[in-house]
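Here's the structure we're looking at; comments come further down.
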Amino acid sequence: LAEQEFYELCIEESDDVFRPGFIVKQTRVQWNEIGGQFLWGEPEWERWPTLQKAKAKCEEWRKALAAKGFTQSDMDW
């Protein structure tokens with residue numbers, strides 16, 4: 001894991017009753033060899049009114065990461 005970089009993509013349902021919808025998040029994660037832990041960056045996020053639109057945005061981000069050489073994983077940290 002030394003000096004490796006990861007991204008987490010997720011879709012969450014909004015818990016804001018005044019702004020319903022779905023939140024698509026992309027968070028950069030790096031392994032810190034000295035501390036022996038993952039360091040999480042600030043997530044980039046967008047709110048979408050429907051799950052279908054949120055899934056489309058998540059797929060767009062996934063494809064952009066794949067174009068940079070990142071591969072998809074379903075690992076659960």
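Bear in mind that the values here come from a model prediction, so they are computed numbers and not experimental data. We use all heavy atoms of the structure for the numbers below, so side chains are in, but hydrogens, waters and symmetry mates are not.
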Fellow cluster residues of L39, listed by chain then number, with links counted only when side-chain atoms sit under 4.5 Å apart: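 So far as hydrophobic clustering goes, L39 is joined with none.
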
Who else is in I23's hydrophobic cluster (ILVMFWY, side-chain heavy atoms under 4.5 Å, direct or via others)?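 Same cluster as I23: W45.
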
Give a yes-or-no answer on whether the side chains of W31 and E33 include a donor-acceptor pair shorter than 3.5 Å.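 Yes, a side-chain donor-acceptor pair sits under 3.5 Å.
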
Residues 48-56, side-chain donor-acceptor partners within the protein, below 3.5 Å, at least two apart:
residue: W48; atom: NE1; partner: E46; partner atom: OE1; Å: 3.4
residue: T50; atom: OG1; partner: K53; partner atom: N; Å: 3.1

Do you know which two heavy atoms are closest between C58 and I11, and how far apart they sit?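 Minimum heavy-atom separation between C58 and I11: CB-CD1, 3.9 Å.
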
So, for G41 and T27, which heavy atoms are closest and what is the spacing to 0.1 Å?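 Between these two residues, the closest heavy atoms are O-CG2, 3.3 Å.
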
Under-4.0 Å salt bridge between K57 and E60: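 Result for this pair is yes, salt bridge flagged.
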
Please tell me if the side chains of L65 and L9 come closer than 4.5 Å, counting only heavy atoms from C-beta onward.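 Result yes, sub-4.5 Å side-chain heavy-atom pair found.
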
Can you find a pair of side-chain heavy atoms, one from R47 and one from S14, that are under 4.5 Å apart?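 R47 vs S14: side chains touch.
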
Partner residues of Y7 under the ring-ring contact (aromatic ring centres under 6.0 Å, His included) criterion, sequence neighbours left out: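 Testing Y7 for ring-ring contact (aromatic ring centres under 6.0 Å, His included), a comparison that skips the adjacent residues, returns F70.
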
Quick test of your reading: applying salt bridge (Lys or Arg N to Asp or Glu O under 4.0 Å), list the pairs with at least one residue in residues 9-25, sequence neighbours left out, ordered by first then second residue.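 Non-adjacent pairs meeting salt bridge (Lys or Arg N to Asp or Glu O under 4.0 Å): E12-K25.
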
Could you check E44 against W61 for side-chain contact (heavy atoms from CB on, under 4.5 Å), going step by step and ending with a plain yes or no? CA-CA 11 Å; E44 177 181 343; W61 282 355; 3.7 Å; yes

Hey, could you give me the CZ/SG distance between F22 and C10, rounded to the nearest 0.5 Å?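 Atom-to-atom, F22:CZ and C10:SG are 13.0 Å apart.
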
Can you sort out the partners of R28 under salt bridge (charged side-chain N to carboxylate O under 4.0 Å, His left out), two or more places apart, ordered by chain and number?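 Partners of R28 by the salt bridge (charged side-chain N to carboxylate O under 4.0 Å, His left out) criterion, ordered by chain and then number, come out as E5.
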
